[in-house]
Amino acid sequence: MNYLEQTICNPQLNKTAVLVFANSAQREAALKPFRRSGHLFRELNRHTLQIVRQSGLPYFLFSEKEQKGNSFGERYVNAIESVYAQGFENVITIGNDTPHLQAENLIETAEKLRENPIVLGPSSDGGYYLLGLNRSQFNAKTFLKLPWQTPGLTQSISCLLASKNIKVAFLKILSDIDAVSDIPKIIGSFSKLSAVLERLLLSFLIPEKKPSTKPLFSFQNFLKENQFNKGSPIFAS
C-alpha cells in the first residue's frame, strides 16, 4: 500500500501538507548568478514538483509571488502560517535546491510526524533541506529569531529543541546547490539522481570554450598583407 492509499484509508494522515518554498528559476538566477543557473533551477523546480506529486501528499507552492515579508525569516514564517490556516496539523517544508530529494523522503517524514513533533533533514552546509513540523511546535516569534540562511541553522535548531526536551527525528544528510562548487559533491554522492539532472549537472563540470582571439579571415586583409595587384608574382608560374 502506497502513501496515497494509506491517506484514503486513514483520513488522519491527510492532516499533513507539503510547503514548497521556492523561488522561480528567473529569481534564482538573479540570486545565484552562476553560468546557466536559470536553466538548472528550471529543471530543479520541475523535479521538486514531480516528487511532491509522486508522494501523494497535498502541497502548496510559495514562489516569490506568494511570499510576504521583508526578510527570508518573515516570508518563511508567513508561508507556514498560511498552510496551517488551511486546517493542516503538520507541514513539511522543502526548497528547490536539493537534487537528491525524493518522494520517499517526504513519505518517510509524514510517517515520522505521526510519532515525532519535528522531523529535520539536515544539509551538508549546516542548514536543512527539509523540516517537518507539527502545529504544536510552531512559534512564529521563536522562528523569526533563528539564524536563517547561515551555516549554523541546524545546530541552532537542535540546541533549541534539546533545551526544551522536544523529540526530533532526523533524516539522512543531503547536499544542496548554492554555487557551482557544490556540484562535484552532489555528482560524487551515491544517492539516486534523475538522468536529466545528472546530465545537466555534469555539463557544469565541462570547461566553457573560450572564444578564439585569432581574427577572422578577411579577403581584403589578405590582399593588403600580400600586396596583391593584377599580375602579382605570387601567382606567377
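For reference, positions follow the sequence shown, starting with 1.
- Listed for the Gln67 side chain is a donor-acceptor partner under 3.5 Å among the backbone atoms of Phe62.
- Using modelled atom types and a 3.5 Å distance limit, the side chains of Glu66 and Ser63 yield a donor-acceptor pair.
- Scanning all heavy atoms of the two residues, the minimum distance from Gly95 to Ala22 falls at C-CB, 4.3 Å.
- Tested against Leu133, the residues Thr93, Ile118, Leu120 include a single side-chain contact (heavy atoms from CB on, under 4.5 Å) partner, Ile118.
- Salt bridge status for Glu43 with Arg46: present, with a side-chain N to carboxylate O gap under 4.0 Å.
- Each of Phe60, Tyr59, Tyr128, Phe72 was scored for a ring-ring contact (aromatic ring centres under 6.0 Å, His included) with Phe21, with one residue passing: Phe72.
- Between Glu64 and Ser24, the side chains place a donor N or O and an acceptor N or O closer than 3.5 Å (distance only, hydrogens not considered).
- Between Val168 and Ile157 there is no side-chain heavy-atom pair separated by less than 4.5 Å.
- Both Leu44 and Ile187 sit in one connected hydrophobic cluster of ILVMFWY residues. Membership requires side-chain heavy atoms under 4.5 Å apart, directly or through other members.
- For the pair Val20/Asn96, no side-chain contact is recorded, criterion being any heavy-atom separation below 4.5 Å from C-beta on.
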- Item | Lys32 and Asp97: CA distance, side-chain angles, deciding distance, side-chain contact (heavy atoms from CB on, under 4.5 Å) verdict | CA-CA 11 Å; Lys32 302 176 181 180; Asp97 57 356; 3.6 Å; yes
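- Using a 4.5 Å heavy-atom cutoff, the side chains of Leu101 and Asp176 are not in contact.
- The closest donor-acceptor contact from the side chain of Asn105 to the backbone of Gln102 lies under 3.5 Å.
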- For His100 and Tyr129, what are the C-alpha separation, side-chain angles and deciding distance, and is it a side-chain contact (heavy atoms from CB on, under 4.5 Å)? CA-CA 10 Å; His100 287 129; Tyr129 63 89; over 6 Å; no
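- Transitive grouping of hydrophobic side chains (ILVMFWY, heavy atoms separated by less than 4.5 Å) keeps Leu106 and Ile173 in distinct clusters.
- Between the side chain of Asn139 and the backbone N or O of Thr142 there is at least one donor-acceptor pair closer than 3.5 Å.
- Residues Ile186 and Ser175 come closest through the heavy atom pair CG1-CB, 3.8 Å.
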- Hey, mind stepping through Ile94 and Val52 against side-chain contact (heavy atoms from CB on, under 4.5 Å) and telling me if it holds? CA-CA 10 Å; Ile94 59 173; Val52 171; 3.7 Å; yes
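- Contact annotation: the side chain of Leu131 approaches that of Tyr76 to within less than 4.5 Å [non-hydrogen atoms, C-beta and beyond].
- Phe204 carries Arg36 over the face of its six-membered ring, with the cationic atom under 6.0 Å from the centre and within 45° of the normal.
- Val196 and Ile177 fall into different hydrophobic clusters, where Ile, Leu, Val, Met, Phe, Trp and Tyr are joined by side-chain heavy atoms under 4.5 Å apart, directly or via other members.
- Side-chain contact between Asp125 and Asp182 is absent, with no heavy atoms from C-beta onward closer than 4.5 Å.
- Taken together through direct or relayed side-chain contacts under 4.5 Å among Ile, Leu, Val, Met, Phe, Trp and Tyr, Leu31 and Trp148 form parts of separate hydrophobic clusters.
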